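Structure first, then comments.
A, B, ... follow the sequence lines: proteins, then strands. Residue 1 opens every chain. Note that the structure is predicted; figures quoted are calculated from it, not measured.
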There are 2 protein chains.
Amino acid sequence: MDKKTPRRTRREESLSKERIIEAAIDILDRSGESGLTFRALSDMLATGPGAIYWHIDNKDDLLTAACDAIVARTVQAGASGAAPRDAIRALALDLFDAMEAHPWAGAALIRAGGQLPVVRVLECLGRQVQALGVPPQAQWLTVSALLHFILGVGGQNAANMQRVCGDDVARGDLLDQVAAAWSRLSPADYPFARSMAGQLRIHDDRADFLAGVDLILNGIGVIAAQA
Amino acid sequence: MDKKTPRRTRREESLSKERIIEAAIDILDRSGESGLTFRALSDMLATGPGAIYWHIDNKDDLLTAACDAIVARTVQAGASGAAPRDAIRALALDLFDAMEAHPWAGAALIRAGGQLPVVRVLECLGRQVQALGVPPQAQWLTVSALLHFILGVGGQNAANMQRVCGDDVARGDLLDQVAAAWSRLSPADYPFARSMAGQLRIHDDRADFLAGVDLILNGIGVIAAQA
DNA sequence: ACCTGAACACCGTTCAAGT
DNA sequence: ACCTGAACACCGTTCAAGT
């Protein structure tokens, strides 16, 4: 990451919101959120920074729109006729993978609040929760729990990735550093955290994420059974 | 929010990391994350921006340290001899309240990764999960699920609060706007989101948060029972 | 050791001027 | 309608110089 952008594609077509978003995703994937600059963006699009403002309101809008493009592709690709529980697990995993491929998207999703990209996820989750037989008055609650969990994991992964990009350490090294820091904590004050340092070094983010989703799905099962 | 800082407290004591963090929290609470500037901070401390760098590495460090101060107070105040399940619920609620009182802290916590403020929460959760009888090989998983959920909710609340500060709308108005936007979605593509618009307007964030924690605790109960 | 504050290298955003 | 690019008002961070 943090590479320079060598190519300054000569412009053939005129500017459009779609072309701007596409270029923004390209920059974000290559250099992270700090690399997305109106100057870098206008440079890649062979125009001036002011031109972008004709198509986009501001940087937050741009980030949300880029995020929405990723989410739209993800939920659309995952559409299938699986059983509700499996469909939820598959959707969650697809989102996890998308946020790992585009680490900036996790942070952007969290910031996007009730806007379109989040609504897309909410809609998919909601349909499956209904199909699961959760009673209407508990649907909002279960969907928002799943949503919060998924976005929470995405946001934290995004933060970790950004730290990996910023410093010049690899992902495994970061985990080693954190694990080492936890081992150095006071045994009297942090017995549990110390005991988890080993697990941290060998754990599988993706498997833990899926296990977390299952935990919530188990909880939902309890609710559905009570109905 | 976004008020100016009228008082420029004359400096009696010399600078220290603690005094800087205290001032930073003050600014963050009053004007949000965008209001925390090295210039505003040094102004309030009656010094130059460079002086702060003698005590603090950079802005990220400052944010993490401010966040840690909030978390430390919160987990310390909540120490009690309650039953594990109640202790987890109480800790979660205390954190929710703290992140509502200091909206910037939610975003900062998510970005703090494996650092001290997060470890404090992890430690508290871990002890109670152990007391709950969750088998060792499932402890990491359950703790990190709770942690991700709690931080996810905090991060999203922080984002919402920031949006309320930025625009000149009240919190209730924001919810109304989002609900109205959801109602305007295509009935064919977003039936579930549309049906939730009403719930959104009358829902109770805090109650939903607690219900989410209970959902995970229910799921944990299933695991503990299987052991 | 600790503080000062000017200076550097940015950044998002605006806007008169062009086509 | 759409684009240009200079200009504005910032920002985090550094660093020679002071005490």
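Distance CG (A/L45) to P (D/dC3): 10 Å, rounded to an integer number of Å. Look at CD1 on B/I20: it is 14 Å from P on D/dG12, rounded to the nearest Å. Remark: P of D/dT13 and CG of B/N58 are 5 Å apart, rounded to the nearest angstrom. Here the P atom of nucleotide D/dT13 and the CG atom of B/L63 are 11 Å apart, to the nearest Å. In this structure, CD1 of B/I56 is placed 14 Å from P of C/dC2, rounded to the nearest angstrom. Rounded to whole Å, the distance from CZ on A/R19 to C1' on D/dC3 is 14 Å.
Residues meeting the side-chain hydrogen bond (donor to acceptor under 3.5 Å, both in side chains) test with B/R127, sequence neighbours left out: B/E123.
Using a 4.0 Å cut-off, some side-chain N or O of B/H55 falls inside it from OP1 or OP2 of C/dC3.
A donor-acceptor pair under 3.5 Å is formed between the side chain of B/S16 and the backbone N or O of B/R19. One N or O on the side chain of B/S186 and one on the backbone of B/A188 form a donor-acceptor pair closer than 3.5 Å. With hydrogens and angles ignored, the 3.5 Å screen pairs a side-chain donor or acceptor of B/R194 with a backbone N or O of B/L185.
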Please tabulate, one pair per line, each protein N/O and nucleotide N/O from nucleotides 8-11 of chain C that are separated by under 3.5 Å, including the distance.
residue: C/dC11; atom: OP1; partner: A/T37; partner atom: OG1; Å: 3.3

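The pair A/R111-A/E33 meets the salt-bridge criterion, with a side-chain N (NZ, NE, NH1 or NH2) lying under 4.0 Å from an Asp/Glu carboxylate O. The pair A/R30-A/D26 meets the salt-bridge criterion, since a charged nitrogen lies less than 4.0 angstrom from a carboxylate oxygen.
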Query - Candidate pair A/L116 and A/T64, rule side chain to side chain contact (heavy atoms under 4.5 Å, CB included), full reasoning - result: CA-CA 8 Å; A/L116 197 46; A/T64 303; over 6 Å; no
Query raised in the report: What do the steps show when you test A/L45 against A/L41 for side chain to side chain contact (heavy atoms under 4.5 Å, CB included), and what is the final call?
Result: CA-CA 6 Å; A/L45 291 165; A/L41 190 57; 4.2 Å; yes
**Report entry** Stepwise side chain to side chain contact (heavy atoms under 4.5 Å, CB included) test for B/T74 and B/D97
**Finding:** CA-CA 9 Å; B/T74 306; B/D97 292 337; over 6 Å; no
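Of the residues in residues 105-115 of chain B, not one comes within less than 4.0 Å of DNA chain D through any heavy atom.
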Query raised in the report: In dot-bracket, 5' to 3', how would DNA chain D read with Watson-Crick or G-U wobble pairs under 3.5 Å, [ ] for crossing ones and | for pairs to another strand?
Result: ||.|||||...|||||.||
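For the side-chain contact (heavy atoms from CB on, under 4.5 Å) with B/L62, the qualifying choice from B/L28, B/L36, B/D57 is B/L36, the only one to do so.
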Report summary line: With B for base contact, S for sugar-phosphate-only contact and - for none (protein heavy atoms under 4.0 Å), nucleotides 14-19 of chain C reads BB----
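Each ring-ring contact (aromatic ring centres under 6.0 Å, His included) pair with one or both residues in residues 182-203 of chain A, not counting sequence neighbours, appears once here: A/H203-B/W140.
For A/F149 and B/F149, the ring centers are positioned 6.0 Å apart or more.
Of the candidate nucleotides C/dA1, C/dT13, D/dC3, C/dA1 has the atom nearest to the side chain of B/W54.
Counting all heavy atoms, side chain and backbone alike, B/D94 lies closest to B/G78 at OD2-CA, 3.8 Å.
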